[in-house]
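What follows is a short report on a single structure.
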Amino acid sequence: MQVFPPSTNTISRVSIFGALFFAGGLLFVVYMIFRSPYVTQAHVVQEQPVPFSHEHHVTALGLDCRYCHTSVEKSRFAGIPATETCMTCHSQIWVNSPMLEPVRRSMRNNEPIRWNRVHDLPDYAYFDHAIHVNKGVGCTSCHGQVDKMPLMRKEEPMTMEWCLACHRQPERHLRPIEDVFNMDWVPPKDQLALGRDLIKKQHIPVDRLTNCYVCHR
Amino acid sequence: MSIQSQMTNGIDLAAVRERLAGQRGPRYWRSLEELAETPEFQAFLEREFPNGAPEVLDPGSRRTFLKLMGASLALAGVSGCTSQPGEKIVPYVRAPEQLIPGKPLFYATAISKSGFPVGVLAESHMGRPTMLEGNERHPDSLGGMDTFTQASVLTLYDPDRSQVVTRRNGKISTWDLFLHEAVRVLNARRSSKGQGVHILTETVTSPSLARQIKAFLEAFPEAVWHQYQPVNRDQARAGAKLAFGRDVTPHYQVAKADVIFALGSDFLAQGPGHLRWARDFASRRETLESMNRLYVVDTTPTITGGMADHRLPAVGHRVADFANFLARELEIKVAEPGGPLLEHEAHWVRALAKDLKKNQGKCLVVTGDDQPAVVHALVHAMNQALGNVGNTVSYTEPVEHGAVDHQESLRALAGDLDAGKVEFLMVLGTNPAYHAPVDLNFAQKLPKAQFSVHLGLYEDETAALCQWHLPETHELEAWGDVLASDGTATIQQPLISPLYDGRSAIELFASLLGEPSRPGLEAGYEIVRETWKARSDLQVGIDFETFWRTAVHEGVVEGTSLKPVEVKLAADLAQAPMPKRPNDDAIEIVFRPDPTIWDGRYANNGWLQELPKPLTKLTWDNAAQVAPALAERLGLNNGDVVELEYEGRKLEAPIWISPGHADRSVTVTLGYGRTRAGRVGNGTGFNAYLLRTAAAPSLGSGVEIRKTGRTYLLAGTDLHRNVMAPNETGEAAAERHLIRVATIDEYRKDPKFAQEMEHVPSPHESLYTEIEGSVDRIDREHGATLPASGSGYAWGMSINLNACMGCGVCVVACQAENNIPIVGKEQVAYGREMQWLDIDRYYQGDLDNPETYHQPRTCMHCENAPCEVVCPVAATVHDDEGINNMVYNRCVGTRYCGNNCPYKVRHFNFFHYSKPKAPSLVVLNNPDVTVRARGVMEKCTYCIQRVNEARSAAQISGNPIRDSDLKTACQSACPTRAIVFGDVNNPESQVSKTKADPRNYGILTDLNTRPRTTYLARLRNPNPEIETESTHGV
Amino acid sequence: MKTQPPPIYGLMAEYTSADAVVAAATTAYEAGFRRMDAYSPYPVEGLAEAIGFTRNRLPTLVLIGGLAGAITAFTVMWFSSTIHYPINVGGRPHLSWPAFIPITFELTVLGAALTTVLGMLGLNGLPMPHHPVFNVPSFKLASRNRFFLCIQSDDPKFDTVTTRQFLEGLGEPKSVSVVETSAGGEATGLGH
Amino acid sequence: MASEHPEPQEANGHAILAPGHTYASVTDKISAIALTSPYRRSWIVGFVIAFALTMMLLTTITAVLVEGVGLFGIRRPVMWGFDIVNFVWWIGIGHAGTLISAVLLLFKQEWRTSINRFAEAMTLFAVACAGLYPLMHMGRPWYFYWLLPYPNTMSLWPQWRSPLVWDVFAVSTYATVSLLFWYVGLIPDLATFRDRAKNRYAKWIYGILAMGWRGSAIHWHRYRTAYMLLAGIATPLVVSVHTVVSLDFAAGVVPGWHTTVFPPYFVAGAIYSGFAMVLTLAIPLRVYYGLQDFITLKHLENMAKILLVTGLIVTYGYALEAFFAWYSSNTYEQFMMKNRATGPYWHTYALLILCNCTAVQVLWFKRARTCVPLLFVLSIIINIGMWLERYVIVVTSLARDFVPAAWNLYHGSFWDYTMYYGTIGLFFALLFIFIRVLPVISIAEMRELVAETRERHGGDEHGHAHPDEDDDELDLVASSG
């Protein structure tokens, strides 16, 4: 005897294909999620105790990166300015702007300002600012147009994939040493040619840049 | 902690002897179990869970052990691969000058033990010391390190250190309250010129402290300064007095000696100058031409005995007879000996005497601090007779201040305490309540002091009996100064401001004497500076500031070493009576400081507790060591608990059978059985001080050994690996040529003996063509790896078995540098220890007096690494410089690599060993090394973090990496420079040169693994008169 | 004159033995019937041929499926280990082809197996839980011990009356019953 | 003949189907087991025990996930223990199923018909158990997917040279193909169940699973092709899978692992243990559900023969290992062999030889091959023996390989055992369920068999003997209980 109504034929086929598409779609969604700002935190502005504007200090006042990030050329760690660095100016200007109260408090009570880390790599990935800066990787290559950021945000996903992209073909991103801290540097038309020269000039061991030890210990 | 049976029934040592006798050719053996093939042993093998596995595997008790171990488990600042919460970033308020964030700074200072220092460069990351390197300028260590110094950085962060001032009734108090109280009491004593005021310290070399004690004694003329430490130089001092009529300290130029006779002395591992002596000794075993020869007579097997070309075991009481006999051979008038030597001994000593005479002025006789005074006197006489004085031996005034006889000094204090004469007692950094001679009953007398205060790192046994306890600063926390054995001064600078409310001894004195008002660090700074301002003789032509800055920066104060003094043998030694010999069948008991926790002061240091002891390879416990022969007679076995009865006092201890131990003698090491050491140290081992009397501090006779029938779990890294190996390990080790030895004659005949022992497959035997570029060719001649030209850096290591003494400092250095957690006794016993370096100890030959060989074994960084091929996720792969990278955060823990590694150098985090345990340990971690999570494989990385730092520095500066720029942790710690690491591609590098040496060989190279780490074969320099037939090497 | 074809799926004769239904099918085919199908509780030799089924495209599909698996496998391994992220693993060449064989083989098998099953179902037009033949009460025995021959109404030579007579005369069937098309049944014509 | 065998059912032991069976009778009898026969105490008790063990398995898994693999007995240098031993053991057991359904099909061995269904089921369940181990033995199981190639933000891939990655593909392919094979075989029977189930939910579920199978001649035709194709595909697969598993060891450098003989003798071993397990299951099954007519002595004897053959191949493998060791004059190999025979695990090795090589020799005698209780005992002995074989290979080789200083013993811990017995529980729990919900013997193929036997016995008089058998279905069902 007939167990199922006619409609089941359609239903059964639809459901089979439906399941396939759903599974596929799900995988795709997961794939996208892991590259989305939700996971990578790219383009996400972090709350900070003081709404510090890189835009203002870099573009308007024309401060050089190294004025605050002093150790960027010497050390793995670029360095976050000590409160006294802020106070060099802010003991004269904006002396009683409420925005800067945390800075003054820090100076008064000798308590550090606790910033929220914007570029936070996993602890098992060891990044060295010095070597990048000294070999011609510009600030903007990783940090984006900081001079256009009223509030600091991470510009790139900073996934391993992303790091490797450059470690595989540094020539696409390298720039002359003198332009490393240049915010307005734009790659020339012959970037690849330029990059290749720089690789030679800087003795960059391209073949070894993807070795595991480069980042993991 | 469970008592688990190691072995129920006897090893048939007779059978073992036969087996050894029947041996043709060399065979190595590692533990007695392996030599015994008794049915009982087999039965034991079949028993489920040897070594108390069930406890380990039951989570319940695992947690308890973790809790216990907690104190020393490194904290996981990172756990490989777990997504981390949002991080804060905290800048300085005022940035310290000369500090570059993210770059470590190195400060020269010194870490001392009982007054004598090892010079170090302390690595500081953003203001926190994480690692100690040797200071090459320091005369006593020349850049080498010993285990105690290396591990002291862990003590700095030990959460069990005392943190506040406390009163006996446990009330937390403050420095001000204490000072107020103390000063009141002292002032009350001024009228009586300080009668009843007593100070107890260890040996003091610090000029500043000495200066203050002097000042104190001036303020209180009647006050008494006592000194006591359980391991002291009383006998040596007495010996010097006996020989020269005054107290002088001998200094040895080991490097100048062609023939050395160590009479009951472990001079390579003990004594203020041992690091330097070891270096000098090793330096003379580099080449055939320079080979020196070492004779050793000792009771307990020692590191020095292990390095000997000829060793004789002798019970402690007969050491004097050897001295006497040798003296006679050297035509020195001496009294009647306590007893004669056996024939083979006599023959041995005669040969030795001949050898010494042959090398007049180029030989050296040394004896141990714990030998009787007369032996010291005789040794001085011999060196005189042999014309060594001025060549290999020189004498200076004692380095320490107010040198006294410690035994007497403490006895006096005990007397006064008993008589109730002590109204003010200040104990500085020593722990008599625990380690005073048992017959002084010091612990009972101490409370009789009317006012007593204890200054120490820990609230220890003594602190518990004093009215006040004051937390002491660690040497990395305070200003200070110390003198090396030759008098060279080091100014100690603080690396970090005191973690707790501690003060140093000199700061304490400062406050008591009311001089500079400011407490703490500044006070210490002031005092030390004043001390050195006073030494105007050192500042001719330079102003003090320059002098001070150089002194602090260099870590040594130039020109402070003592000038040798003229000595002449005073009395006719024939008058000096030789010690009487107890009746021969009495069993003697020998007290020795423990090789890893010394007199007990390091009991709470997990690194040292878990460090396998150089010869016994035991961890976490001491044991009563006996000779195989004695064990045989008494039917004893490893782990059997025996009752030792000595002079009416009883003590229970597990037995450890030490091959090469003197018969009729049992050795116990001090320092264990602490009750107030801290969470790590409490309850480990047994307290040997309970048998140690003032009369016989190092050697007593007439000890009774009774079996209790119980057994005790001893966690020996050697035992647990070989317990199941009846007889095979030795043969296998020989067959596989892991250790390669030759006498210098054999070596002369056949310099390539080491390389002829293996077949290295040629590349054509592979299915694959080698991977382009990175893999370096193998040199068929040498079996060593020589790099393909122009392939950039190629890192490699070479370990010189001729220099390695097996002291184990490399293991601790590695542990400190690479954030290696300790795992606790049960896990070690179960074979899960994490140290990346294993030092394998092999014996060869006679059970009663075997030769000892040490072989450090760690990742060989094979060019054709078997581990890499089997990793399913590419977590361990090769880089282009030939280092076998281990990417922890990619590891999923299949452990396939561990199985496929022929060298078995991979260690697995079976549990979360690195689990955070104490906040203070957070900062101990090396920020450059990932802390490994649970379920992750780890192994030696050639200190990849250092390679990386060096590389990026080099790439920025543009100069290639030189040997001097890059040292692995083990390499820089090694006192004998046995470990060499560097760029194999650079023909100038030391490592390439070493690898070109014909003695260079890799192990298991016939597997075509092409290890980057290779060894230099061991050479022996026997005296043909003693050694007739040779069964060594090939 | 032709009457409107009735709203039925077809006529079905029931047999108790395999030989009978094969014989019946052969005769019916000779008689010119084409749109028909036979049903049996187990695969009966020659029955399919008897109702004019000849070519089977399944094996070709399977071959393609297998090859697809193989190619995918090797390409992925070759690409990942030589182009995308070449790493020195134990000194072995990047393209360690001998090591790639096992996986290539496994995926070949997987590809082939999947196409076999899906192909078979697809070609058979399954799943089709509903089908007019199920309307015949005795048809449930088709999965036990009965054999059926069904001539479908969409066969040009089909005629309710004549075809019924034809079937009844065809090797003494146990019965001949009408296969109703269920309301809204779109099953007609499916099944080949 | 008959006199040799006490129990009446065993009469005519040489047919692979007892006489007197019709399409209807086989259909009714087999479907009755799942559809109508009542739950027996033996089933309930058995299921409860199996289920309890499964719960123990879950507990173990939780414990290991929480505390870490340190709970197992593993330690340096024996980094693999029960986990891999059991993995190989289970996978091996699985092999009989595919072999029976595929290889015997290709060789037109009719006798496979009445055992292939539950042999395949056994395969699936065994593979499921096996699959647990590689997963749970990992230090960080939650990253198992790193062994699969998928687009990831690390732009990393599996390390294709690792036999473990081959395992992943081999085992998952094997599982998939076995499942397909099983399901395809089930489709017609599911249709039968759809038509015979009384409960409408059951009808509905079986109906969905049957996908509307109606036994159309053309469908049957393609079905046949597909089934043969699958058989053809599965045959090399079954060989490859255990080959790959053997490569987990053979690809390593460890003496005792690194041997060329491994692939063939692992495959043989797998079939050996597989058939042993089939016997262990079939013998009770045929008694409990009175299936002696379908699973006759002939079947048992044939399987016994296969046991004998594979047993000899395995023995040959052991012999070769020893020979290689001697002939290679390689220190490590020779020591390995010596160590196996005389080392701390000598008793394991001895027992293994006893179980796998010695015991099986009785099967040279027909009497033994047809003595059911003996076969049952023997099958269990062989299962144990094959487990020991893996234990010897994994543990003794690792316990003492190259560097004597690193040698150490291994013993399974408490948790090792709970996990092992747990998977056995899971295996039987699944099997018990299977018996109650699906036809344990392929009905359609049995009908075919009936047809073929008839041709052999001339004509289908049985068919006519009961002209209206379908009318008294219920009685038949009842009588078949």
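Here is how names work: the chains are called A, B, and so on, in the same order as the sequence lines, proteins then strands, and each is numbered from 1.
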State which residues pass side-chain hydrogen bond (donor to acceptor under 3.5 Å, both in side chains) with T1013(B); sequence neighbours excluded, sorted by chain then number.
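So T1013(B) forms a side-chain hydrogen bond (donor to acceptor under 3.5 Å, both in side chains) with Y942(B).
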For R895(B), all residues meeting side-chain hydrogen bond (donor to acceptor under 3.5 Å, both in side chains), sequence neighbours excluded:
D83(D)
Pick one of side chain, backbone, both or neither for [X], based on which atoms fall under 4.5 Å of a heavy atom in chain B.
| X | value |
| --- | --- |
| L135(D) | neither |
| F144(D) | neither |
| W157(D) | backbone |
| V168(D) | neither |
| V394(D) | neither |
| F249(D) | backbone |

Toward chain D, the part of P866(B) with a non-hydrogen atom under 4.5 Å:
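It is the side chain, since no backbone atom gets that close.
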Where on Q855(B) is there a heavy atom nearer than 4.5 Å to chain D: the side chain, the backbone, both, or neither?
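Interface part for Q855(B): neither.
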Inspect the contact between [Y] and [X] and indicate whether a charged nitrogen and a carboxylate oxygen are less than 4.0 angstrom apart.
| X | Y | result |
| --- | --- | --- |
| E826(B) | R832(B) | no |
| R76(D) | D838(B) | yes |
| E67(D) | R934(B) | no |

Is the cationic atom of R736(B) (NZ for Lys, CZ for Arg) positioned less than 6.0 Å from the six-membered ring centroid of F335(D) and within 45 degrees of its normal?
yes
Selection from L65(D), I84(D), V78(D) maximising heavy-atom pairs under 4.5 Å formed with chain B:
L65(D)
Flag the one option from P163(D), P158(D), A63(D) with the top tally of heavy-atom pairs under 4.5 Å to chain B.
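Maximum pair count with chain B is reached by P163(D).
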Should we say atom OH of Y150(D) is surrounded by more than 12 heavy atoms from elsewhere, each under 6.0 Å from it?
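Enclosed: over 12 neighbouring heavy atoms sit under 6.0 Å from OH of Y150(D).
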Can you establish whether the number of heavy atoms outside H737(B) located under 6.0 Å from its atom NE2 is more than 12?
yes
Output the option from V870(B), N899(B), I1003(B) having the highest count of non-hydrogen pairs under 4.5 Å with chain D.
N899(B)
